[in-house]
> 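Sending over a structure as structure tokens; questions will come in a sec.
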Amino acid sequence: MPSKPKVVLGVSGGIAAYKACELLRRLTESGHDVRVVPTDSALHFVGAATWSALSGNPVSTEVWDSVHEVPHVRIGQHADIVVVAPATADMLAKAAHGLADDLLTNTLLTARCPVVFAPAMHTEMWEHPATQENVATLRRRGALVIEPAVGRLTGVDTGKGRFPDPVEIFDYVRRVLAGGGETDLVGKHVVVSAGGTREPLDPVRFLGNRSSGKQGYALARTAAARGARVTLLSANAALPDPAGVDVVHVGTAMQLREAVLKAAADADAVVMAAAVADFRPETYAAGKIKKKDGQEPAPIALVRNPDILAEISGDRPRPGQVVVGFAAETDDVLANGRAKLARKGCDLLVVNEVGERKTFGSEENEAVILGADGSETPVPYGPKDVLADRIWDEVLRLG
Ligand code: CTP
């Protein structure tokens with residue numbers, strides 16, 4: 001039996017330490033051997049007994065326990081991945097400066113495996129230039145620093161700095177482990193649109209489509225795990241925000257267009273995976289449209305929405321930016337795909353054949369990635385993550 005992947009879970013002293021218990025549970029239950037290394041201050045929030053019981057391993061904070069085993073060197077050397085969650089501003093500062101005054105900071109210096117930090121702190125602390133410079137230093141050295149989520153913080157305030165959902169951090173960690181810590185998208189900003197737009201008719205009705213958003217979310221998750229800064233423009237997808245991804249929620253095609261143009265200004269790649277409504281109702285009824293006895297329904301007049309993909313392809317907000325589109329075809333898939341690629345002016349077009357098995361909302365997909373340079377990359381039926389990774393491979397080839 002292959003040995004279990006060895007995970008070091010470093011916990012520093014923030015209130016989100018309690019959420020790291022859930023992360024630990026998921027890691028152990030899915031067959032990882034987890035050694036928890038808390039800092040002294042982390043133990044103010046969650047005690048050593050909890051970490052030990054949940055991990056099934058001994059827990060200590062400092063280098064003077066079990067000295068004969070040389071833990072300050074051994075734990076880091078043997079790890080397949082180190083995850084510091086939550087990472088406080090203080091922990092990021094120590095790691096950036098190579099301080100080593102406890103077991104966790106020693107472990108960070110001896111680890112040669114992928115290292116992930118999941119920061120959690122108040123917005124002011126996160127945005128402080130000292131913290132931002134420390135994060136930049138860690139990233140430059142190859143560490144993966146997950147962007148904090150935006151939302152409710154300790155107390156009544158809200159903002160950026162929230163610890164991402166532990167389930168999403170777990171997903172991120174698994175992807176990094178599966179990819180062997182490949183960080184080929186570090187330093188890149190990628191924008192992904194996902195889901196389907198809704199075009200309102202009145203306060204309760206809309207014209208929409210059945211796109212689940214799963215392929216777009218898979219693109220966002222895989223890019224984040226490969227080290228990219230990711231902006232996900234989510235149109236009505238009922239999916240949790242992925243860890244380490246800046247998520248902007250939009251409703252209509254016009255809102256999506258505005259969000260794409262804004263996010264794309266400094267992006268290295270834009271991937272339009274969202275199903276954008278080609279038309280919207282010409283008028284929006286401020287009050288609910290009522291049926292009237294004996295009267296036929298009034299026809300709904302539609303107007304064209306702007307084609308965001310064509311617009312951004314024709315007028316790139318940043319030189320050298322790679323633009324990717326999606327298309328669903330039923331017949332003459334490759335010929336129609338090629339024609340659409342040329343029409344839209346994008347660099348890559350991911351063409352799905354619509355048919356049985358390939359339903360909306362499924363976890364799997366099959367596609368051909370067509371390149372404007374004539375390339376043709378078939379991706380066989382399989383998980384949407386695999387297709388997502390192949391798309392990023394192609395983006396990197398061009399970018
Ligand atoms: N797209 C867009 N803006 C629109 C419509 C589509 O940016 N108003 C993008 C989608 O995000 C996707 C691609 O264009 O990347 C799909 O192109 P589209 O012309 O809508 O193709 P199909 O959906 O396959 O429709 P059709 O067969 O009618 O061309």
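Numbering of ligands and ligand atoms starts at 1, following listing order.
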> Among all protein heavy atoms, pick the one closest to atom 22 (P) of ligand 1 and tell me residue, atom and distance.
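Atom 22 (P) of ligand 1 sits closest to the protein heavy atom Lys340 NZ, 3.1 Å.
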> Quick check: is Leu27 connected to Ile75 through a chain of hydrophobic side chains (ILVMFWY, heavy atoms under 4.5 Å apart)?
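No: no chain of side-chain contacts under 4.5 Å links Ile75 to Leu27.
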> Please state whether Ala274 comes within less than 4.0 angstrom of ligand 1, counting heavy atoms only.
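Yes; Ala274 lies near enough to ligand 1 that a heavy-atom distance drops under 4.0 Å.
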> Looking only at protein heavy atoms, which one is nearest to atom 7 (O) of ligand 1, and what is the separation?
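Answer, as residue, atom name and distance: Leu309 N, 2.8 Å.
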> Is there a heavy atom in Arg257 that sits closer than 4.0 Å to ligand 1?
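Heavy atoms of Arg257 never come under 4.0 Å of ligand 1.
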> Going by heavy atoms in the side chains, are Leu92 and Phe117 under 4.5 Å from each other?
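Yes, at least one pair of side-chain atoms sits under 4.5 Å.
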> What residue and atom, counting heavy atoms only, is the protein's closest point to atom 3 (N) of ligand 1, and at what distance?
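The protein heavy atom lying closest is Ile308 N, 3.1 Å.
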> Would you mind reporting whether Ile169 and Phe163 have side-chain heavy atoms less than 4.5 Å apart?
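Sidechains of Ile169 and Phe163: in contact.
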> Which atoms of ligand 1 sit under 4.0 Å from any heavy atom of Met272?
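So the atoms of ligand 1 that pass are 7 (O), 11 (O), 12 (C), 15 (O).
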> As an exercise, state the distance from CG of Leu103 to OG1 of Thr107, rounded to the nearest 0.5 Å.
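Answer rounded to 0.5 Å: 4.5 Å.
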> Among protein heavy atoms, which sits nearest to atom 20 (O) of ligand 1, and what does the distance come to when rounded to 0.1 Å?
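The answer is Asp278 OD1, 3.8 Å.
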> Could you check whether any side-chain N or O of Ser193 sits under 3.5 Å from a backbone N or O of Ala274, counting only pairs where one atom can act as donor and the other as acceptor?
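Yes.
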> Show me which atoms of ligand 1 lie under 4.0 Å from any heavy atom of Ala328.
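Those of ligand 1 that fall under 4.0 Å from Ala328 are 24 (O).
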> Is it true that a side-chain atom of Asp332 and a backbone atom of Ala335 form a donor plus acceptor pair closer than 3.5 Å?
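It does not hold such a pair.
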> For atom 14 (O) of ligand 1, which protein heavy atom lies nearest, and how many Å away is it?
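Of the protein heavy atoms, Lys344 NZ, 3.2 Å lies nearest.
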> Could you find the nearest protein heavy atom to atom 16 (C) of ligand 1 and give me its residue, atom name and distance?
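Looking only at protein heavy atoms, the one closest to atom 16 (C) of ligand 1 is Phe326 O, 2.9 Å.
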> Going from CG on Asp246 to CZ on Arg229, what distance comes out if it is rounded to the nearest 0.5 angstrom?
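Rounded to the nearest 0.5 Å, the CG-CZ separation comes out at 7.0 Å.
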> Heavy-atom distance from atom 18 (P) of ligand 1 to the protein below 4.0 Å?
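It does: a protein heavy atom is found less than 4.0 Å away from atom 18 (P) of ligand 1.
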> With heavy-atom distances below 4.5 Å as the criterion, would you say the side chains of Leu104 and Pro38 are in contact?
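No; the side chains remain at least 4.5 Å from each other.
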> Got Val82 and Val84 here, is their nearest side-chain heavy-atom distance under 4.5 Å?
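Yes. Closest side-chain heavy atoms under 4.5 Å.
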> Using a heavy-atom cut-off of under 4.0 Å, does the side chain or the backbone of Pro306 touch ligand 1, or both, or neither?
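Backbone only.
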> Relative to the heavy atoms of Gly325, which atoms of ligand 1 are at a distance of less than 4.0 Å?
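Contacts of ligand 1 toward Gly325, numbered from 1: 15 (O).
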